There are 2 protein chains.
Amino acid sequence: MNANDLRVVKTKQSLHNALLTLLSKKPLENITIAEICRMAKVNRGTFYLHYEQKEGLFEEYFQEIMEDLNNSYEEPYRAVTTLNKNQIDPNTIRIFHHIERFKMFYRIVFSKNVPLTYYYMLFDGIFVLLKRDITIHNEIQDDISIEYYSAYQANAIIGLIIQWYRQDFVDSVSTLNKQLAAILRIGEKY
Amino acid sequence: MNANDLRVVKTKQSLHNALLTLLSKKPLENITIAEICRMAKVNRGTFYLHYEQKEGLFEEYFQEIMEDLNNSYEEPYRAVTTLNKNQIDPNTIRIFHHIERFKMFYRIVFSKNVPLTYYYMLFDGIFVLLKRDITIHNEIQDDISIEYYSAYQANAIIGLIIQWYRQDFVDSVSTLNKQLAAILRIGEKY
DNA sequence: TTAGATATTGAACATGTGTTCATTAAAATA
DNA sequence: TATTTTAATGAACACATGTTCAATATCTAA
């Protein structure tokens, strides 16, 4: 199954387009593989040559979105810009911009009948960014595992995003940035 | 559909037992509704009279587990015992005990092909506990939304649990408690 | 205990799933 | 361009899904 073979490229493209079209009409859970294939004019057997579930198709998209998340931080090494210092500038927090930009997709990612896969892809994405950030600024005691600490911080941010999502992203990106900045500053008051 | 009708009770019980038996042999994703019904000796149509998906059946179980989580904190009002004070006693943190106790179920809840529903049930459970805790000890500035703050803290804890789960819960409950306590203490050093 | 209410059943139907296999069509390469 | 390689197709299969409906069994309430 050579991914560069034009036939493969064409097939996948058709399937991608079909899924996108269908997603604009109904939620992922109500879309069937047979339906996608009919619309893409691709044999159903061919679908199974490339994917196991319709979720795999969406996963390919989401992969690209995760790359955008990474690229957002490729410039300086700033995930959330050093979590515990009080020189946090809310504008350097890029995560919420990213979510806002792709909110169409994140509405799917966070919907309750979708498998956890995408959640984990997002989690891992943020986890890696934070771990890098935390390691560089090594703002950590030796009794804390970097893994646990990164998982804690990464998922905490996703917690904000969940809350945001549940109000259908009505708050502004800057509200989210400010909330995170304020929360991170809490500890330092004591 | 009277839930007290003996026929209903009997049917649900059979389905529950069948699901549990099957779950000991294979993951939820590989279990079919038809299979559950065959084993429970319940007509497939009857299944659809009570549930929409097999996931709904599991959800009923998980509901009970969530009640256990709540009961764990029914005594004094201590979720994680006031998140930001340094008099945190790791032993008063009950969440990880709870997870450990039901780890069989949480292995399902956190598996990647399962819908987000259960994740949200856990999230909401912890969220409510923390929100109560935070409100009582009102350890919060007025520029922070209690909702966002609770979501942040609740999901942060689940972040630790995810990390724990991914190593198949090899670490001890007390390790987790200590990690959380240490992380919560970080802010106060500055 | 009986009459009425209703949950369960079995059968059937259209559609989806996941897989196989020989055939065909479209690429790569030489 | 001709040859080889291999992806895509169509047909078929057993099984699952989700729904309907009349017939039956079982429960509740009088």
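Only this structure's heavy atoms are used, side chains among them; waters, hydrogens and symmetry mates stay out. Quick caveat, the model's predicted, so the values are computed rather than measured. Residue numbering restarts at 1 for every chain, and letters A, B, ... go by the order of the sequence lines.
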* Structure fact -> Contact string for nucleotides 15-30 of chain D, one letter per nucleotide 5' to 3', B = base within protein heavy-atom range under 4.0 Å, S = sugar-phosphate only, - = neither, reads -SBBB-----BBSS--
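Of the possible polar contacts, one joining the A:K54 side chain to the A:I31 backbone as a donor-acceptor pair under 3.5 Å is found.
The aromatic ring centroids of B:Y106 and B:F169 lie 6.0 Å or more from each other. Aromatic rings from B:F47 and B:Y51 are positioned such that their centres are separated by under 6.0 Å.
Heavy atoms of B:K12 sit nowhere under 4.0 angstrom from any nucleic acid atom.
In 5' to 3' order, the nucleotides of DNA chain C bounding all contacts with chain B (an atom under 4.0 Å from a heavy atom) are C:dT6 to C:dG10.
A distance of 9.5 Å separates CD1 of A:I161 from CG of A:N155, quoted to the nearest 0.5 Å.
Classification of the A:Y152-A:Y149 ring pair by plane angle, with boundaries at 30° and 60°, yields parallel. Ring-plane geometry between A:Y165 and A:F110 is classed as tilted, the angle between the planes lying from 30 to 60 degrees on a 0 to 90 degree scale.
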* **Verdict with supporting geometry, A:D143 and B:R185, salt bridge (Lys or Arg N to Asp or Glu O under 4.0 Å)** => CA-CA 11 Å; A:D143 59 341; B:R185 249 193 302 268; 5.6 Å; no
* Asked: Between A:T117 and A:E55, is a side chain to side chain contact (heavy atoms under 4.5 Å, CB included) present by the stated rule, with each step listed?
  -> CA-CA 9 Å; A:T117 326; A:E55 278 79 14; 5.9 Å; no
